[in-house]
Each structure stands twice: as C-alpha cells, then as structure tokens.
Number of protein chains: 2
Amino acid sequence: MGTIDNPRIQELSQILKALGHPTRLFIIEEIAQKPACVCELKERIGADTSTVSKHLSILRQAGLVDIEKKGTMVYYSLSCACVQSCIQSLTPLIELKHKRYCEMLE
Amino acid sequence: MGTIDNPRIQELSQILKALGHPTRLFIIEEIAQKPACVCELKERIGADTSTVSKHLSILRQAGLVDIEKKGTMVYYSLSCACVQSCIQSLTPLIELKHKRYCEMLE
DNA sequence: ATACTATTTGGCGATATTGCAAAATAGGAT
DNA sequence: ATCCTATTTTGCAATATCGCCAAATAGTAT
C-alpha cells in the first residue's frame with residue numbers, strides 16, 4: 001500500500017491516521033482525563049455503540065489505548081502519555097492558522 | 001461530518017489526518033530538512049507528479065506547509081517547527097509497541 | 001507567436017472508511 | 001438453565017481516499 005516502505009513511517013502514519021478522526025480524537029482526550037467504558041463514551045459522543053466500539057478497535061490496533069475488563073464492561077485508557085504531548089505540540093500551528101486567517105480577512 | 005462538532009477537535013483532526021499517510025509523512029520529513037519542489041519530491045517518492053502535487057495540496061489545506069514560487073518551480077517548506085515535535089513526541093509510543101511485540105513473541 | 005518545463009486540476013476506476021442495524025459473543029444475576 | 005446488559009463482529013450502503021492518466025494552467029525562453 002503506497003510507495004513509501006519505511007517501517008518507521010508506516011508505524012507513524014498508522015498512529016497519526018488513527019488520531020485523524022474527530023470521534024477518535026474526542027475519545028483520546030476523554031480517556032486521557034479518566035478511563036472510560038464503551039457505554040460511557042457512547043453517551044458522550046452520541047453515536048451507535050457499534051460505531052464507538054469500531055473506533056476503539058482502530059485506536060487499539062494503533063497501540064494508542066489499553067483495555068481493562070471489569071465484568072461485562074471494558075475500560076479504555078491511554079497507553080502512553082506521549083499521545084497528549086503529540087496533540088498539545090500542535091497548538092502553535094493552530095494559533096498560526098488563526099493568525100493567518102485573521103490577517104486574510106483584512 | 002461526524003458527530004463531534006468541537007472546532008478545535010475538527011482543526012486538530014484535519015491536521016492529524018493530513019499527517020496520517022505514509023507519502024505525506026515522508027514529504028513532511030523531507031522538507032523539514034530542506035524545502036523542496038514537486039519534481040524533487042516526485043523523484044524521491046517515485047509516484048506520479050500529480051499524485052505528489054495532490055498530497056502537497058492536502059498538506060497545504062491543513063496549514064502544514066508553506067510555498068514559495070521561483071520561476072515555474074514551487075518550493076514547499078514546513079510552516080511550523082512544531083510539526084516535527086509532534087512526530088518526535090510519538091517515539092515513546094513506538095518503542096512501547098516494539099517492547100510489547102517482543103514480549104508477545106516469548 | 002511556438003516550444004519546453006513545472007505544476008495543478010479534472011476524470012475515473014479501485015480501494016478504504018464511515019456509521020447504522022442486526023446478529024453474535026461474553027459475563028453477571030436470578 | 002433464562003434473562004439482561006455490555007461489547008464485538010458482520011453486513012451493507014454511502015461516502016471518501018488514492019493513484020494514475022490526460023488536460024489545463026503558469027512561467028521561461030527562443
């Protein structure tokens with residue numbers, strides 16, 4: 001798939017692709033605060049349970065989240081705090097885009 | 001599109017989605033070293049010029065790259081050094097995944 | 001003007017993603 | 001065992017992405 005066959009790039013792009021969806025990014029930020037189960041996330045997102053579960057499995061395949069089973073519930077948590085750093089590090093870019101957008105309006 | 005309508009999340013996911021492709025990630029890392037034009041990148045990637053150009057326009061729409069025109073050539077560069085930090089910050093996660101993969105083989 | 005190169009854009013088929021619904025699976029309680 | 005809830009998996013239709021080709025656009029030179 002694709003022309004770049006560098007394993008590190010493949011790994012990175014899988015992770016970034018998993019993060020590149022609004023619902024999954026929302027999930028990441030929610031469970032970064034506090035681990036949550038599917039039904040809790042489903043409530044906050046407002047999508048079908050199966051949809052949420054599928055997003056979670058994509059995050060899991062990318063290694064972004066861990067699970068802990070408690071009875072029938074499955075609690076999802078961040079596997080690495082570095083994911084928060086990754087997201088946070090983009091703040092300057094967003095500010096730059098806003099600045100440029102304002103300048104463009106003048 | 002989607003159920004999450006938080007503007008910040010939308011903005012972030014557009015950026016991360018743009019980064020979430022091997023060819024585009026490769027481009028980002030190339031021009032982080034030194035700005036390059038389409039034909040240079042096309043050589044290093046080995047894809048059609050139009051394919052590379054389209055990837056570049058996705059990166060541009062996400063605000064990740066800037067352009068500078070010199071004659072008929074268009075040089076692309078990183079718009080913000082924070083993009084490199086973003087990628088670098090995922091190193092611990094990749095190491096964690098490798099560690100777990102090795103443990104899994106035992 | 002033509003010729004040449006660099007880049008972008010439009011079209012198109014192949015493939016992948018998304019989200020809901022229904023069915024399957026798993027665990028706890030009665 | 002049945003019942004109930006939580007979760008995952010499967011199926012499917014709608015949509016989006018990808019990569020090549022061809023055509024259009026832009027800039028330089030003759």
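In what follows, every chain begins at residue 1, and chains take the letters A, B, ... in the order their sequences are listed.
- Applying the 4.0 Å criterion to OP1 and OP2 of dT18(C), one finds that H55(A) has every side-chain N and O outside that range.
- Note: CG (D48(B)) to C1' (dT17(D)) measures 16 Å, nearest angstrom.
- Counting any heavy atom pair closer than 4.0 Å across all strands shown, K70(A) reaches no nucleic acid atom.
- Atom CG of L16(A) is separated from atom P of dT17(D) by 17 Å (rounded to the nearest Å).
- If you measure from atom CD1 of I58(A) to atom P of dT17(C), you get 7 Å, rounded to the nearest angstrom.
- For F26(A) and dG19(C), the CZ to P distance is 14 Å, given to the nearest whole Å.
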Check the interface with nucleotides 2-7 of chain C: list each N/O to N/O pair with the protein under 3.5 Å, or write none.
| from | atom 1 | to | atom 2 | distance (Å) |
| --- | --- | --- | --- | --- |
| dA6(C) | O4' | T72(B) | OG1 | 3.1 |
| dT7(C) | OP1 | V38(B) | N | 3.3 |
| dT7(C) | OP1 | V74(B) | N | 3.1 |
| dT7(C) | OP2 | C39(B) | N | 2.8 |

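- Taking the centre and axis of the six-membered ring of Y75(B), the NZ or CZ atom of K69(B) falls outside the cone set by 45° and 6.0 Å.
- Taking a cutoff of 4.0 Å between a charged side-chain nitrogen and a carboxylate oxygen, E29(B) and R8(A) qualify as a salt bridge.
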Pairs under 3.5 angstrom, nitrogen or oxygen only, protein versus nucleotides 10-12 of chain C, please.
| from | atom 1 | to | atom 2 | distance (Å) |
| --- | --- | --- | --- | --- |
| dG10(C) | O6 | K54(B) | NZ | 3.3 |
| dG11(C) | O6 | K54(B) | NZ | 2.9 |

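- OP1 or OP2 of dC18(D) has at least one side-chain nitrogen or oxygen of R24(B) nearer than 4.0 Å.
- At least one side-chain heavy atom of V74(A) sits under 4.5 Å from a side-chain heavy atom of Y76(A).
- Between the CD atom of Q14(B) and the P atom of dT17(D) there is a distance of 11 Å, given to the nearest Å.
- In terms of heavy-atom proximity, A18(A) sits nearest to L64(A) at CB-CD1, 3.8 Å.
- Side-chain N/O atoms of K42(A) include none lying less than 4.0 angstrom from OP1 or OP2 on dA6(D).
- When rounded to the nearest whole Å, the span between CD1 of I67(A) and P of dA6(D) equals 17 Å.
- Note: CG (L19(A)) to C1' (dT17(C)) measures 16 Å, nearest angstrom.
- Phosphate contact (OP1/OP2 of dT17(D), side-chain N/O of H21(A), threshold under 4.0 Å): absent.
- Distance check: C37(B) SG to E68(B) CD gives 12.0 Å after rounding to the nearest 0.5 Å.
- When atom types are taken as modelled, the side chain of S13(B) and the backbone of I9(B) share a donor-acceptor pair closer than 3.5 angstrom.
- A salt bridge links D66(A) with R100(B): at least one charged nitrogen is closer than 4.0 Å to a carboxylate oxygen.
- In this structure, CD1 of I45(A) is placed 12 Å from P of dT7(D), rounded to the nearest angstrom.
- Under the 3.5 Å distance criterion, the side-chain polar atoms of Q10(B) are matched with a main-chain donor or acceptor of I4(B).
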Check step by step if side-chain contact (heavy atoms from CB on, under 4.5 Å) holds for L19(B) and L19(A). CA-CA 10 Å; L19(B) 290 173; L19(A) 290 173; over 6 Å; no
